[in-house]
Amino acid sequence: NSPVNPPVDFTSTYTYRPSVEQPQVYAREGIPSFGPLEELIAGLEGGTRSAYFGSGMVAKDQEQPVEVQPALLFSSGLSAISAVLNLLPLGSHVILPKHSYMGFFTMAQQMAEKGMITLHRVDIAETEQVRTTLQDVSTLAQAQEAEVLLWIESPTNPMLEVADLPALTAEARRRSILTAVDNTFATPLRQRPLKHGTDIVVHSVTKFLSGHSDVIMGAAVTSDAELHRRLHAHRNLHGTIPGPMEVFLALRGVRTLAIRLDAAEKNAGQLAHRLEALAAEGTVPLRSVSYPGLSSHPQHERASAQLGGYGAIITIDTGSMQAADAVLENLRLWTPATSLGGVESLAERRRRHPGEPETVPEGLIRLSVGIEDAGDLFDDLLGALRTAAEILRENR
């Protein structure tokens with residue numbers, strides 16, 4: 001007999017015989033517990049059915065699968081991002097979205113301030129602008145004998161811009177530019193960048209993949225054997241591996257990804273439409289609602305054609321910091337917290353973080369929709385918005 005669940009390996013070192021060439025010595029080189037999760041994430045990104053957890057764990061599109069190297073697990077999403085950025089030699093250029101995960105931008109900014117890389121920020125949803133930047137930076141890099149990385153986040157955090165992933169990836173490949181996509185928001189069940197020719201995909205496993213707000217972990221996936229070798233070497237040298245128990249928890253979480261994401265996405269769609277109607281009434285501090293599934297979203301048609309679903313993240317603009325904070329103070333079912341992608345619904349005013357760009361409105365609240373009852377979630381938001389309206393009137 002064999003266990004249904006892969007066993008957890010609690011060890012820091014391994015025995016070996018002197019006669020064995022290059023034996024595994026330390027657990028930071030990887031342990032057997034990593035294998036099932038690394039293969040599962042790779043299978044999802046490549047579009048193959050998992051050998052471990054059944055036919056439900058595939059993306060919606062029916063394109064031919066691509067061959068993918070086993071994923072590499074990291075101690076956090078940021079450590080996976082760091083591994084990708086450290087592929088670049090000194091003097092490289094990085095083209096990145098003007099709105100992106102704050103941890104990534106801060107890390108890239110610090111590298112730029114040290115003279116290690118040069119940053120070029122673009123509106124990732126404006127395809128022609130990105131194409132022009134790719135051309136200009138490619139020409140500059142060739143003259144300098146430097147390398148270029150195009151970093152794509154789609155939908156972006158927190159503004160939910162949707163990039164034309166096939167077009168941008170094709171343009172980058174034509175110019176021999178390395179591409180990396182942060183696929184945390186979409187997950188492999190809604191978008192598989194490697195199928196469009198992306199070189200590397202990264203995930204914050206902390207978010208939707210594990211899905212229970214109890215794990216910190218990252219992952220990087222590539223179909224290129226040499227890139228895989230270099231990323232693995234970075235992980236080994238820097239020791240950025242997750243613990244075996246975290247891997248067990250994340251593996252358990254990914255096994256329910258499909259049903260969790262479907263439920264949260266269904267809730268998000270209902271909430272987005274009801275909130276947009278509420279904003280049109282003008283009775284509460286709610287200026288606008290952004291969700292790729294709304295026809296009012298600037299890239300709605302692109303999202304409909306490109307994604308397998310619209311995701312579980314909504315943003316609402318309450319108009320001011322005071323209004324947003326009043327809403328958050330008066331929520332009862334929603335939890336004011338950073339992070340996203342868990343089974344519980346979270347809400348956060350993003351500009352509370354000094355690193356967020358000024359183009360993110362002061363009153364913007366990012367909503368990570370969970371799997372609670374959609375009606376209860378809306379009622380809680382409505383009550384908090386009405387209370388915020390009363391507070392604002394009293395403070396005039």
Would you indicate whether the side-chain heavy atoms of [Y] and [X] approach each other to under 4.5 Å?
X	Y	value
Leu85	Leu87	no
Ile200	Leu227	yes
Ser290	Ile314	no
Pro158	Glu348	no
Leu140	Asp136	no
Leu367	Leu275	yes
Arg274	Leu278	no

Chi angles and distances behind the side-chain hydrogen bond (donor to acceptor under 3.5 Å, both in side chains) call for Ser33, Asp9: CA-CA 6 Å; Ser33 291; Asp9 300 288; 2.8 Å; yes
Could you check Met107 against Ile81 for side-chain contact (heavy atoms from CB on, under 4.5 Å), going step by step and ending with a plain yes or no? CA-CA 9 Å; Met107 184 182 296; Ile81 290 170; 4.2 Å; yes
More than 12 foreign heavy atoms under 6.0 Å from [atom1] of [X]: is that the case here?
X	atom1	value
Tyr16	OH	no
Phe10	CZ	yes
Glu67	CD	no
Arg131	CZ	yes
Glu301	CD	no

Please answer whether the main-chain N or O of [Y] pairs with a side-chain N or O of [X] as donor and acceptor at a distance below 3.5 Å.
X	Y	answer
Ser82	Leu78	no
Thr315	Met159	no
Glu39	Pro70	no
Asp380	Leu333	yes
Thr318	Gly363	yes
His228	Thr222	no
Thr169	Pro166	no
Asn157	Ser100	no
Thr256	Arg260	no
His300	Leu294	yes

Are [X] and [Y] in one and the same hydrophobic cluster, where Ile, Leu, Val, Met, Phe, Trp and Tyr link if side-chain heavy atoms are under 4.5 Å apart?
X	Y	result
Ile152	Leu231	no
Tyr291	Val284	yes
Leu194	Trp151	no
Leu165	Val66	no
Ile95	Leu168	yes

Working note: Trp334 + Leu381, criterion side-chain contact (heavy atoms from CB on, under 4.5 Å); need CA distance, chi angles, decisive distance, verdict. CA-CA 8 Å; Trp334 293 78; Leu381 276 171; 3.4 Å; yes
Begin with the C-alpha distance, continue with both residues' side-chain angles, and end with the deciding distance and a verdict on side-chain contact (heavy atoms from CB on, under 4.5 Å) for Val202 and Val181. CA-CA 6 Å; Val202 297; Val181 174; over 6 Å; no
Does a side-chain N-to-carboxylate-O contact under 4.0 Å join [X] and [Y]?
X	Y	result
Arg235	Glu29	no
Glu356	Arg350	yes
Arg352	Asp325	no
Asp376	Arg332	no

Do we see a donor-acceptor contact under 3.5 Å between the side chains of [X] and [Y]?
X	Y	value
Tyr101	Thr184	no
Ser223	Gln69	no
Gln191	Asn183	yes

Atom pair [atom1]/[atom2] of [X] and [Y] - distance to nearest 0.5 Å:
X	Y	atom1	atom2	result
Leu150	His120	CG	NE2	11.5 Å
Ser368	Phe185	OG	CZ	8.0 Å
Gln322	Glu362	CD	CD	8.5 Å

Looking at Phe105, I'd like to know if the NZ or CZ of Arg121 sits under 6.0 Å from its six-membered ring centre while staying within 45 degrees of the ring's axis. yes
For Asp262 and Arg190, what are the C-alpha separation, side-chain angles and deciding distance, and is it a salt bridge (Lys or Arg N to Asp or Glu O under 4.0 Å)? CA-CA 10 Å; Asp262 283 349; Arg190 300 297 182 258; 2.7 Å; yes
Write down the atom of [X], the atom of [Y], and the distance for their closest heavy-atom approach.
X	Y	answer
Tyr310	Glu265	N-OE2, 3.0 Å
Ile31	Pro244	CD1-CB, 3.8 Å
Ala264	Ile371	N-CG2, 4.1 Å
Val148	Ile177	O-CG2, 3.5 Å
Phe74	Ser79	CB-OG, 3.1 Å
Ala71	Ala42	N-CB, 3.6 Å

Residues Glu171, Arg175; criterion salt bridge (Lys or Arg N to Asp or Glu O under 4.0 Å); working and verdict: CA-CA 7 Å; Glu171 183 71 16; Arg175 298 182 181 280; 3.0 Å; yes
Please evaluate residues Arg192 and Glu45 with respect to the criterion salt bridge (Lys or Arg N to Asp or Glu O under 4.0 Å), reporting the C-alpha separation (whole Å), side-chain torsions for both, the decisive distance (0.1 Å), and the verdict. CA-CA 5 Å; Arg192 292 185 299 206; Glu45 282 293 349; over 6 Å; no
How far apart are the C-alpha atoms of Leu119 and Met111, what are their side-chain angles, what is the distance that settles it, and do they pass the side-chain contact (heavy atoms from CB on, under 4.5 Å) test? CA-CA 9 Å; Leu119 301 182; Met111 293 175 68; over 6 Å; no
How far apart are the C-alpha atoms of His93 and Glu147, what are their side-chain angles, what is the distance that settles it, and do they pass the side-chain hydrogen bond (donor to acceptor under 3.5 Å, both in side chains) test? CA-CA 6 Å; His93 295 262; Glu147 293 191 18; over 6 Å; no
Please tabulate, one pair per line, all N/O donor-acceptor pairs under 3.5 Å involving side-chain atoms of residues 208-221, not counting sequence neighbours.
unit_1, atom_1, unit_2, atom_2, d
Ser210, OG, Val205, O, 2.8
Ser210, OG, Thr206, O, 3.1
His212, ND1, Ser210, O, 2.9
Ser213, OG, Glu344, OE2, 2.6

